[in-house]
Amino acid sequence: AKDEVPRALLNSYECSDGEYITINAQHHWETSWPCICNLIGRPDMIETVTCKEEAMGEYAPPVTRALTEGFKKYTSQEVYDALLACGTIAVSKVQHSKDVATDPQAIANGMVFPVKDLDGKEVMMPTTPLRFGDNEPATYTEAVKFGADTKETLREIGYNEEKIRELIDKGVVYADGEGEKPEAVIY
């Protein structure tokens, strides 16, 4: 169960808006712990849990439950702002995958980059998140339009023009604007 996580101070918590925040409050105990306890309305815990080893050890389940309940009183933005103001807690709002394409840090770190799609519209493409040493991600190569290589591929495997035309006319294959495009193709 989530409240049995032994790292109550290094965990993600849901807020009242259904969004999550992730905290790392393992360091600077003297300032981080009172800040958290006061935020969640549990100043009594400042004296009950006297060191991070207790919060991460024997008291981890009740501390995690208290943080879970306490953070649920506020929106993710309110929790984020309050913990950031403490100055000693690493905190971040957990993003959704749809948010990554416009995230300034993801863009600055080259995790996403702009490309033009087949219709000329600019879209953001992800790169591989794994990098070793100074290696740059592979160069983006645009996919061809659906059906663009159909005729060429059929010729390469031995079909003549007459047979290719027959396959297109029967709807067996689609060749870049010729024949009936299957409904399942989405791009």
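Sequential numbering from 1 along the given sequence is applied to the chain's residues. What you see below is based on every heavy atom in this structure, not just the backbone, and it leaves out hydrogens, waters and symmetry mates.
The side-chain contact (heavy atoms from CB on, under 4.5 Å) check on Lys93 picks up Ile21, Ser76, Gln77, Tyr80, with sequence neighbours excluded. Residues meeting the disulfide (SG to SG under 2.5 Å) test with Cys37, sequence neighbours left out: none. Residues passing the disulfide (SG to SG under 2.5 Å) test with Cys15, sequence neighbours excluded: none. Annotation: ring-ring contact (aromatic ring centres under 6.0 Å, His included) contacts of Tyr159 (sequence neighbours excluded): none. Under the side chain to side chain donor-acceptor pair (under 3.5 Å) criterion, Thr153 pairs with no residue, sequence neighbours left out.
Residue Glu30 holds its CD atom at 11.0 Å from SG of Cys51, rounded to the nearest 0.5 Å. To the nearest 0.5 angstrom, Phe113 atom CZ is 11.0 Å from Glu122 atom CD. A distance of 9.0 Å separates CZ of Arg7 from CG of Asn24, quoted to the nearest 0.5 Å. Taking CG from Leu84 and CD1 from Ile23, the interatomic distance works out to 13.0 Å, rounded to the nearest 0.5 Å. Within the model, atoms CD of Gln26 and CD1 of Ile89 stand 11.5 Å from one another, a figure rounded to the nearest 0.5 Å. Glu14 CD to Glu19 CD: the interatomic distance, rounded to the nearest 0.5 Å, is 8.5 Å.
Residues Met124 and Val100 fall within the same hydrophobic cluster, defined by Ile, Leu, Val, Met, Phe, Trp and Tyr side chains chained together at heavy-atom separations under 4.5 Å. Residue Ile168 is grouped with residue Val172 when hydrophobic side chains (ILVMFWY) are merged at heavy-atom distances under 4.5 angstrom, including chains of intermediate members. Note: the hydrophobic cluster containing Ile36 also contains Val91 (ILVMFWY, side chain heavy atoms under 4.5 Å, direct or indirect links).
Side-chain contact between Leu9 and Met56: present, with at least one pair of heavy atoms (C-beta onward) separated by less than 4.5 Å. Between Asn11 and Leu67, the closest side-chain pair of non-hydrogen atoms is not below 4.5 Å. Looking at Val79 and Tyr13, their side chains never come closer than 4.5 Å, going by heavy atoms from C-beta outward. The side-chain heavy atoms of Glu53 and Glu58, taken from C-beta on, include no pair separated by under 4.5 Å. Using a 4.5 Å cut-off on side-chain heavy atoms (C-beta onward), Thr48 and Arg42 make no contact.
A donor-acceptor pair is defined here as one N or O able to donate and one able to accept, closer than 3.5 Å; no such pair exists between the side chain of Ser92 and the backbone of Thr22. A distance-only check finds a donor-acceptor pair linking the side chain of Ser16 to the backbone of Tyr74 [under 3.5 Å]. Judged purely by atom type and a 3.5 angstrom limit, Thr127 uses its side chain to pair as donor or acceptor with the backbone of Gly110. Distance alone, capped at 3.5 Å, is enough to place a donor-acceptor pair between the Ser32 side chain and the His27 backbone. Remark: the backbone N or O of Thr75 is paired with a side-chain donor or acceptor of Glu78 at under 3.5 angstrom. Panel note: side chain Trp33, backbone Ala25; no donor-acceptor pair is recorded below 3.5 Å.
Listed here is the closest heavy atom pair of Gly41 and Pro43: C-CD, 3.3 Å. Summarising the geometry of Ser12 relative to Val94, their closest heavy-atom pair is OG-CG2, 4.4 Å, with the distance given to 0.1 Å. Considering every non-hydrogen atom in both Ala60 and Ala8, the closest pair reads O-CB, 3.9 Å. Contact record, Thr88 with His28: CB-CB, 3.6 Å, taken as the closest heavy-atom pair. Pairing each heavy atom of Pro126 with each of Val112, the nearest pair is CA-CG1, 4.1 Å.
Applying the side-chain hydrogen bond (donor to acceptor under 3.5 Å, both in side chains) test to residues at least two apart or on different chains, the pairs with a partner in residues 97-112 are Gln95-Asp103.
A salt bridge does not link Glu69 with Lys72: none of the charged nitrogens is closer than 4.0 Å to a carboxylate oxygen.
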- prompt: So Asn160 and Lys163, side-chain contact (heavy atoms from CB on, under 4.5 Å) or not? Walk me through it.
  reply: CA-CA 5 Å; Asn160 62 31; Lys163 186 64 177 173; 3.4 Å; yes
